[in-house]
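Structure first, then comments.
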Amino acid sequence: MCFLWHQFVVLQRLFNRYLPAMHRLSNRTHEETLVFFDLETTGLDTSTCDIVQLSAISGNKIFNVYMLPRCTMTDGASRVTGLTTCADGLFLHGQSLDTIPVKEALKSFISFLKTINNPLLVGHNCRRFDSPILLRIMSEFHLLDEFLDVLSGFLDTLPLSREMFGLQKYSQPFLVQHFLQRSYVAHNATEDVRALQALYRVWQPSMELVNKHRFRL
DNA sequence: TGCCAGGCCCTCTTTAGGGCCTT
């Protein structure tokens with residue numbers, strides 16, 4: 001009897017010790033893989049603009065494509081990105097870029113995501129800007145269902161950083177300067193995703209905050 | 001000359017308005 005009671009006490013202690021960890025594990029999304037992404041677009045109007053550059057990074061895997069937009073770039077977008085379009089193609093600071101058709105670019109991005117386990121797309125201000133544009137254009141090319149099937153969700157680092165830190169600004173260049181003590185080539189999607197990945201490594205937000213700021217369609 | 005969209009956040013607010021954030 002005494003032996004059984006001892007076994008019970010041992011099991012109870014083990015249970016009490018590991019239950020909180022098991023509970024945290026069940027709520028974690030660590031089986032998801034973070035994929036930092038960014039768009040360069042023809043403008044700021046999320047209902048009409050087109051994507052000209054789509055970049056993503058997950059670990060050491062990098063994705064980047066340029067595409068010819070179906071509409072002209074606004075002066076503001078050309079000014080901040082250095083990208084211009086004409087009948088001959090897409091140019092970065094006057095240098096011609098290799099582009100692929102929009103649908104091919106989107107399908108290529110979906111294929112990239114399929115190589116990643118349960119991808120969670122992470123972007124700065126992506127709830128209000130990048131994700132509505134990406135979802136709209138995926139829908140226009142009848143790729144939305146396939147895209148959503150492969151995707152775990154989105155995570156917006158703008159409200160996440162606002163909740164984590166008390167700063168005067170939360171633009172990505174400011175955050176990079178503040179946390180990484182360096183400047184970078186903002187408004188180039190590849191540089192933006194590398195910078196955001198580096199910021200996230202420094203921040204290491206809690207799963208509670210991640211779950212608070214994640215979303216799906 | 002500089003803005004052009006739209007939603008969130010903050011405050012000198014809530015019957016509003018300006019700044020921020022993305023290109």
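So you know, we letter chains A, B, ... as the sequences are listed, proteins then strands, and number each from 1.
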Practice prompt. With heavy atoms under 4.0 Å as the rule, sort A:Asn188 into base, sugar-phosphate or nothing.
Written response: nothing

Worksheet entry | Separation of atom NE2 in A:His213 from atom C1' in B:dC21, rounded to whole Å | 15 Å

Item to complete: Take atom P in B:dC3 and the same atom in B:dC21, then report the distance between them in whole Å.
Response: 16 Å

Worksheet item: C1' atom, B:dG6 versus B:dT1: distance in rounded Å?
Response: 24 Å

Item to complete: Compare the minimum distances between each of B:dT22, B:dT23, B:dC9 and the side chain of A:Asn125, then state the nucleotide with the smallest one.
Response: B:dT22

Fill in: B:dC8 to B:dT13 separation - C1' atoms, rounded to the nearest Å
15 Å

Item to complete: Send over the distance from A:Arg127 CZ to B:dC8 C1', rounded to a whole Å.
Response: 11 Å

Worksheet, complete the sentence: Minimal heavy-atom distance between A:Cys49 and A:Arg136, with the atoms involved, is O-NH2, 2.5 Å

Fill in: A:Arg194 charged N/C atom sitting above A:Tyr184 aromatic ring, 6.0 Å / 45°
no

Worksheet item: Counting heavy atoms not belonging to A:Asn117, are there more than 12 under 6.0 Å from its CG?
Response: yes

Discussion item. For A:Pro159 and A:Leu39, find the nucleotide of DNA chain B closest to each by heavy atoms; which residue's nucleotide sits nearer the 5' end?
Written reply: A:Pro159

Worksheet item: Which nucleotide in the set B:dT22, B:dT23, B:dG7 lies at the smallest distance from any side-chain heavy atom of A:His124?
Response: B:dT22

Worksheet item: If we take the P atom in both B:dC12 and B:dG7, what is their distance in whole Å?
Response: 26 Å

Fill in: Gap between atoms CZ and P, on A:Arg79 and B:dG2 respectively (whole Å)
9 Å

Practice prompt. Please state how far atom CZ in A:Phe37 lies from atom P in B:dT22, giving the value in whole angstrom units.
Written response: 13 Å

Discussion item. What is the distance, to the nearest angstrom, from the CZ atom on A:Phe215 to the P atom on B:dC8?
Written reply: 12 Å

Worksheet item: Counting heavy atoms not belonging to A:Lys107, are there more than 12 under 6.0 Å from its NZ?
Response: no

Response to the item:
What residues 43-57 of chain A contributes to the DNA chain B interface at heavy-atom separation below 4.0 Å is A:Gly43, A:Leu44, A:Asp45

Discussion item. Need one value for A:Ile133: base, sugar-phosphate or nothing, where a base atom within 4.0 Å counts as base even if backbone is also close, heavy atoms only.
Written reply: nothing

Worksheet item: Can you tell me if A:Thr81 and A:Glu40 form a side-chain donor-acceptor pair at under 3.5 Å?
Response: no

Worksheet entry | Euclidean distance, atom CG of residue A:Asp156 to atom C1' of B:dC9 [Å, nearest integer] | 14 Å

Worksheet item: When the distance from CZ of A:Phe129 to P of B:dC20 is rounded to whole Å, what number comes out?
Response: 18 Å

Discussion item. Using atom P in both nucleotides, what's the gap between B:dT23 and B:dG18 to the nearest angstrom?
Written reply: 25 Å

Worksheet item: Do A:Phe37 and A:Phe109 have ring centroids that are under 6.0 Å from one another?
Response: no

Discussion item. Rounding to an integer number of Å, can you tell me how far A:Arg128 CZ sits from B:dG7 P?
Written reply: 8 Å

Worksheet item: What pairs of residues pass the side-chain hydrogen bond (donor to acceptor under 3.5 Å, both in side chains) test when at least one of them lies in residues 62-76 of chain A, not counting sequence neighbours?
Response: A:Asp50-A:Arg70, A:Gln53-A:Asn64, A:Gln53-A:Tyr66, A:Ser55-A:Asn64, A:Asn64-A:Thr190, A:Arg70-A:Glu140

Item to complete: Could you tell me how the ring of A:Trp203 sits relative to the ring of A:Phe179: parallel (under 30°), tilted (30 to 60°) or perpendicular (over 60°)?
Response: perpendicular

Worksheet item: Expressed as a whole number of Å, how far does the P atom of B:dG2 sit from that of B:dT15?
Response: 36 Å

